[in-house]
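Heads up: the structure comes next, in structure tokens.
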Amino acid sequence: MAHQAHSFHMVDPSPWPLFGAIAALLTTSGLTMWFHLNSPYLLMLGLLTTTLVMLQWWRDVVREGTFQGHHTPMVQKGLRYGMILFITSEVFFFLGFFWAFFHSSLTPTPELGGQWPPTGIKPLNPLEVPLLNTAVLLASGITVTWAHHSITEANRKQAIHALTMTILLGLYFTALQTMEYHETPFSIADSVYGSTFFIATGFHGLHVIIGSSFLLICLLRLIKYHFTPNHHFGFEAAAWYWHFVDVIWLFLYMTIYWWGS
Amino acid sequence: MAALGKVSRLLLGAAAPRSLPGRSMSAAAHEGGGARLWKMLTFVVALPGVAVCMLNCYLKGQQEHERPEFIPYSHLRIRTKRFPWGDGVKTLFHNPHVNALPTGYED
């Protein structure tokens with residue numbers, strides 16, 4: 001029984017922002033303990049608390065929107081801006097690593113043999129597994145669009161099928177990349193080539209895992225009837241994030257895998 | 001230059017209905033049944049594309065890959081600081097068959 005004369009959402013007091021900040025501190029100082037003092041326990045505690053905060057905070061957002069009806073069109077607009085701004089910040093995050101790659105590869109130093117790829121590095125063939133990875137992510141972009149249209153057209157069965165296929169493709173990409181990581185003849189410690197390659201593709205892989213997890217949550221919510229044909233912003237946010245992950249891969253493929261080989 | 005303007009107007013025009021939250025999909029007559037289009041694209045373009053690439057990888061994987069000889073270049077196999085796992089010398093995805101340690105291949 002709301003008694004507000006406006007369409008915005010005044011959120012109830014919540015412990016998650018503070019606990020999230022504490023979790024971030026535990027994680028970062030945990031990394032330091034692990035790297036410099038050989039102890040992983042603080043990091044494990046930090047990752048655990050981060051996961052718990054994420055699960056509970058987002059569970060609360062679902063409760064506020066889906067079950068309590070607080071997500072009016074105005075509130076939804078704010079959530080849209082928020083997701084767009086977040087994805088924009090992630091674009092800048094990756095921009096830095098692309099900058100590092102081009103800085104190192106456009107003028108290769110004498111220490112690398114004055115060439116790119118450096119002497120002694122045999123790059124991966126872009127027409128083998130990297131091409132398959134590209135096809136997998138592009139296909140998943142098509143299936144997630146199919147899922148979106150199915151939701152809009154109230155076709156439950158097709159939406160579930162399409163979203164499931166999207167997630168499976170995402171998992172397939174992760175499996176392929178993990179296998180590739182195990183099979184590459186060069187490692188992260190192999191000059192700035194290895195550094196730029198594994199940092200850029202590694203963070204991308206992490207984002208694929210995050211995106212797949214987001215889509216999986218959407219699948220569970222879809223099955224539980226949380227979405228309506230006109231109101232399904234959680235799904236849209238996941239789809240936007242997924243397309244972003246796909247676009248980052250395309251840039252990685254064209255620059256590091258193809259041009260850089 | 002004129003073509004560039006045409007292309008960007010086309011992209012923005014195409015992007016606009018898609019970015020609206022589902023409204024145009026049910027409203028505009030020619031967009032009705034959008035799910036059918038994307039379902040068709042999934043089974044005719046997307047999945048066959050993946051299958052072709054899978055076949056390509058399988059066939060290329062049949063060929064034997066020769067392992068390059070070990071030359072102790074100083075810009076490769078850098079170990080400024082030990083890794084915080086195992087013996088600190090192997091990278092996270094170390095594969096003894098294809099990755100050499102700073103002292104050479106293990107096998």
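Per chain, numbering begins at 1; letters A, B, ... match sequence-line order.
- Both the backbone and the side chain of A:T119 come within less than 4.5 Å of a heavy atom of chain B.
- Residue A:Q158 touches chain B through its side chain alone, counting heavy-atom pairs closer than 4.5 Å.
- In terms of non-hydrogen atom pairs under 4.5 Å with chain A, the most contact-rich of B:H97, B:M54, B:M40 is B:M54.
- Looking at B:F43, the atoms closer than 4.5 Å to chain A (heavy atoms on both sides) all sit in the side chain, from C-beta outward.
- In this structure, the portions of B:L41 lying under 4.5 Å from any heavy atom of chain A include both its backbone and its side chain.
- Shortest non-hydrogen contact noted between B:N99 and A:F186 is ND2-N, 4.0 Å.
- At a 4.5 Å heavy-atom cutoff, the contact between B:T42 and chain A is made by backbone and side-chain atoms alike.
- Using a 4.5 Å cut-off between heavy atoms, A:L176 does not touch chain B at all.
- Relative orientation of the B:W85 and A:W34 rings is tilted, given thresholds of 30° and 60° on the angle between their planes.
- Side-chain contact check for A:P118 versus B:H75: some heavy-atom pair is nearer than 4.5 Å.
- If you measure heavy-atom distances from B:R79 to chain A, the contacts under 4.5 Å come from the side chain alone.
- Looking at A:L112, both its backbone and its side chain come within 4.5 Å of chain B, counting heavy atoms on both sides.
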